[in-house]
Amino acid sequence: MKYRIPNKFKLTLLLILSFAISQSQQQIDKTQAFLPELFSKYPNVRDLAISEKENEMFFTIQSYLGELSIILYSKIIDGKWSKPRVASFSGQFQDLEPFLSPDGLKLYFASNRPISDTAQESKDYDIWYVERKDFRSKWSIPINVGPPVNTKDNEFYPSVSRLNNLYFTCDGGNSKGKDDIFVSKFINGQYLQPISMSDSINTDGYEFNGFIAADESYLIYTCYNKTGGYGSGDLYISFNKGNEQWTTSKNIGKKFNSAQMDYCPFVHSKSGKLYFTSKRTSVNTKFVKPQTIESLLTEMNKYENGKSRIYQTDISKLIHSKFN
């Protein structure tokens with residue numbers, strides 16, 4: 001004999017379920033601090049890359065003025081992120097902006113390290129990578145991507161699609177403005193001459209830190225001091241229309257951007273989570289009564305205090321809507 005739930009209880013269950021879904025959706029749509037207990041230990045945390053299985057992460061920590069820039073590594077052990085350690089390939093030069101290939105077997109990053117061991121001085125920023133045979137193997141020594149991607153100018157913020165096409169930022173003479181986002185197609189095992197992306201994306205201003213979706217369906221990047229923006233640097237999105245055509249980029253909205261610098265986007269393809277760096281602040285500047293040193297330090301040291309910190313939010317609905 002099957003048990004039938006009385007109608008009065010069905011209504012109660014329906015109300016509980018509706019409330020739970022509503023609360024969950026509010027949580028998804030909210031921009032939140034990501035691992036504040038971990039990242040607040042460092043002066044600045046500049047960027048983040050998380051593996052497809054969400055069990056590895058690489059991120060850059062920097063000193064207050066950025067003269068030190070080191071890539072750290074952490075992994076999930078017994079359900080928790082392990083204590084970060086310096087990545088095997090980092091710690092000696094200015095390294096930043098790690099990006100894992102979709103298969104997780106290559107890690108790209110920007111560095112000012114010398115091209116060879118015999119070089120005496122650091123050079124401009126180039127794009128490098130390390131690789132491993134499988135997830136249990138150690139990373140190789142760093143390998144310079146080489147020309148035509150790397151030049152006498154600065155190349156940074158690599159992002160790679162499943163086709164191995166490489167998207168990156170460059171401040172060289174071939175840009176349309178100050179910084180541009182370039183793409184170098186990977187054909188027959190080698191990178192082709194990079195080209196500055198569509199006028200729908202690049203302008204005569206600053207466009208940088210471009211994250212490309214694994215299927216190259218969209219690009220999220222930062223525009224600096226763009227008319228209509230919310231702060232010094234905002235995150236924008238452009239969708240791929242095919243045949244090298246892209247939609248005119250649009251600000252992803254005030255719900256995500258702040259009045260301060262928002263940059264270094266990274267989207268986890270499976271979860272739809274957007275991770276990004278922000279210098280936003282919620283430090284209170286108005287007090288109704290005199291404060292103690294302790295209370296002032298608590299306010300100054302809160303997570304949103306103008307330092308570079310990592311935030312997360314769900315962006316899957318925005319991506320699927322294409323602003324339609």
Side-chain angles (χ1 to χ4, degrees), residues 23 25-50 57-72 74 80-81 83-84 94 96-98 157 179 205-209 211 220-237 251-268 273-315 318:
Q23 291 295 101
Q25 191 61 56
Q26 290 178 18
Q27 189 77 2
I28 288 173
D29 288 342
K30 185 180 179 182
T31 297
Q32 299 175 317
F34 179 58
L35 298 179
E37 68 284 354
L38 170 62
F39 292 139
S40 60
K41 296 178 180 179
Y42 305 105
N44 288 291
V45 182
R46 193 184 184 284
D47 43 56
L48 174 74
I50 295 181
M57 70 174 175
F58 295 82
F59 59 95
T60 304
I61 62 168
Q62 293 183 324
S63 55
Y64 291 101
L65 295 179
E67 63 268 65
L68 292 177
S69 187
I70 309 296
I71 295 175
L72 302 190
S74 177
K80 296 181 180 180
W81 288 108
K83 182 179 179 179
Q94 290 270 75
L96 67 163
E97 301 167 345
Y157 212 81
D179 290 352
Y206 291 89
E207 290 82 28
F208 52 92
N209 292 171
F211 169 86
I220 298 179
Y221 64 104
T222 295
C223 293
Y224 178 71
N225 274 353
K226 189 168 184 176
T227 302
Y230 300 104
S232 63
D234 282 357
L235 296 176
Y236 281 71
I237 190 168
N251 192 302
I252 66 172
K254 194 173 184 179
K255 183 168 65 175
F256 308 106
N257 288 311
S258 70
Q260 286 76 37
M261 176 68 76
D262 299 293
Y263 59 123
C264 294
F266 170 82
V267 179
H268 189 267
K273 290 180 182 177
L274 166 67
Y275 300 89
F276 65 99
T277 309
S278 180
K279 292 185 176 181
R280 62 190 58 195
T281 178
S282 60
V283 172
N284 183 22
T285 59
K286 298 179 180 179
F287 300 103
V288 296
K289 61 180 181 179
Q291 300 295 299
T292 64
I293 292 177
E294 289 75 17
S295 65
L296 288 171
L297 287 175
T298 297
E299 189 68 26
M300 292 176 183
N301 291 324
K302 66 193 326 183
Y303 196 75
E304 292 188 3
N305 65 355
K307 297 179 183 178
S308 292
R309 295 285 181 252
I310 306 295
Y311 296 83
Q312 65 174 340
T313 188
D314 190 291
I315 202 172
L318 184 150

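Bear in mind the structure is a predicted one, so any value in this text is a computation, not a measurement.
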Considering only heavy atoms from C-beta outward, does the side chain of [X] approach that of [Y] to under 4.5 Å?
{"X": "Leu235", "Y": "Leu274", "value": "yes"}
{"X": "Arg309", "Y": "Val45", "value": "yes"}
{"X": "Ser69", "Y": "Thr60", "value": "yes"}
{"X": "Asp314", "Y": "Lys30", "value": "no"}
{"X": "Tyr42", "Y": "Pro84", "value": "yes"}
{"X": "Lys255", "Y": "Ile315", "value": "no"}
{"X": "Tyr224", "Y": "Glu207", "value": "no"}
{"X": "Tyr311", "Y": "Gln32", "value": "no"}

Parallel, tilted or perpendicular: which one describes the rings of Phe266 and Tyr275, with boundaries at 30° and 60°? tilted
Backbone N/O of [Y] and side chain of [X]: donor-acceptor pair under 3.5 Å:
{"X": "Thr298", "Y": "Glu294", "result": "yes"}
{"X": "Thr31", "Y": "Phe256", "result": "no"}
{"X": "Lys302", "Y": "Ser282", "result": "yes"}
{"X": "Asn44", "Y": "Arg46", "result": "no"}
{"X": "Thr313", "Y": "Lys273", "result": "no"}

Show your reasoning for whether side-chain contact (heavy atoms from CB on, under 4.5 Å) applies to Leu318 and Ile237. CA-CA 10 Å; Leu318 184 150; Ile237 190 168; 3.8 Å; yes
Is there a side-chain contact (heavy atoms from CB on, under 4.5 Å) between Phe208 and Tyr221 once you walk through the steps? CA-CA 6 Å; Phe208 52 92; Tyr221 64 104; over 6 Å; no
As an exercise, state the distance from [atom1] of [X] to [atom2] of [Y], rounded to the nearest 0.5 Å.
{"X": "Thr277", "Y": "Lys307", "atom1": "OG1", "atom2": "NZ", "result": "15.0 Å"}
{"X": "Ile220", "Y": "Ile252", "atom1": "CD1", "atom2": "CD1", "result": "6.0 Å"}
{"X": "Tyr157", "Y": "Asn209", "atom1": "OH", "atom2": "CG", "result": "5.0 Å"}
{"X": "Leu38", "Y": "Ser40", "atom1": "CG", "atom2": "OG", "result": "7.5 Å"}
{"X": "Asn305", "Y": "Lys279", "atom1": "CG", "atom2": "NZ", "result": "11.5 Å"}
{"X": "Asn251", "Y": "Tyr236", "atom1": "CG", "atom2": "OH", "result": "4.5 Å"}

Can we say Lys226 and Asp234 salt-bridge, meaning some charged N sits less than 4.0 Å from an Asp/Glu carboxylate O? no
Of all the heavy-atom pairs spanning [X] and [Y], show the shortest one and how long it is.
{"X": "Gln260", "Y": "Ser232", "answer": "C-OG, 3.6 Å"}
{"X": "Phe276", "Y": "Pro265", "answer": "CB-CA, 4.1 Å"}
{"X": "Ile61", "Y": "Phe59", "answer": "CG2-CE1, 3.6 Å"}
{"X": "Ser308", "Y": "Tyr263", "answer": "OG-OH, 2.6 Å"}
{"X": "Pro36", "Y": "Tyr303", "answer": "CA-CE1, 3.4 Å"}
{"X": "Glu67", "Y": "Gln94", "answer": "O-OE1, 3.1 Å"}

Does the side chain of Ser278 come under 3.5 Å of the side chain of Asp262 through a donor N or O and an acceptor N or O? yes
Given the rule in the side-chain contact (heavy atoms from CB on, under 4.5 Å) test, do Leu96 and Asp47 qualify, once you have shown the distances and angles that lead to the verdict? CA-CA 8 Å; Leu96 67 163; Asp47 43 56; 4.1 Å; yes
Considering residues, nucleotides and ligands other than Tyr206, do more than 12 of their heavy atoms fall under 6.0 Å from its OH? no
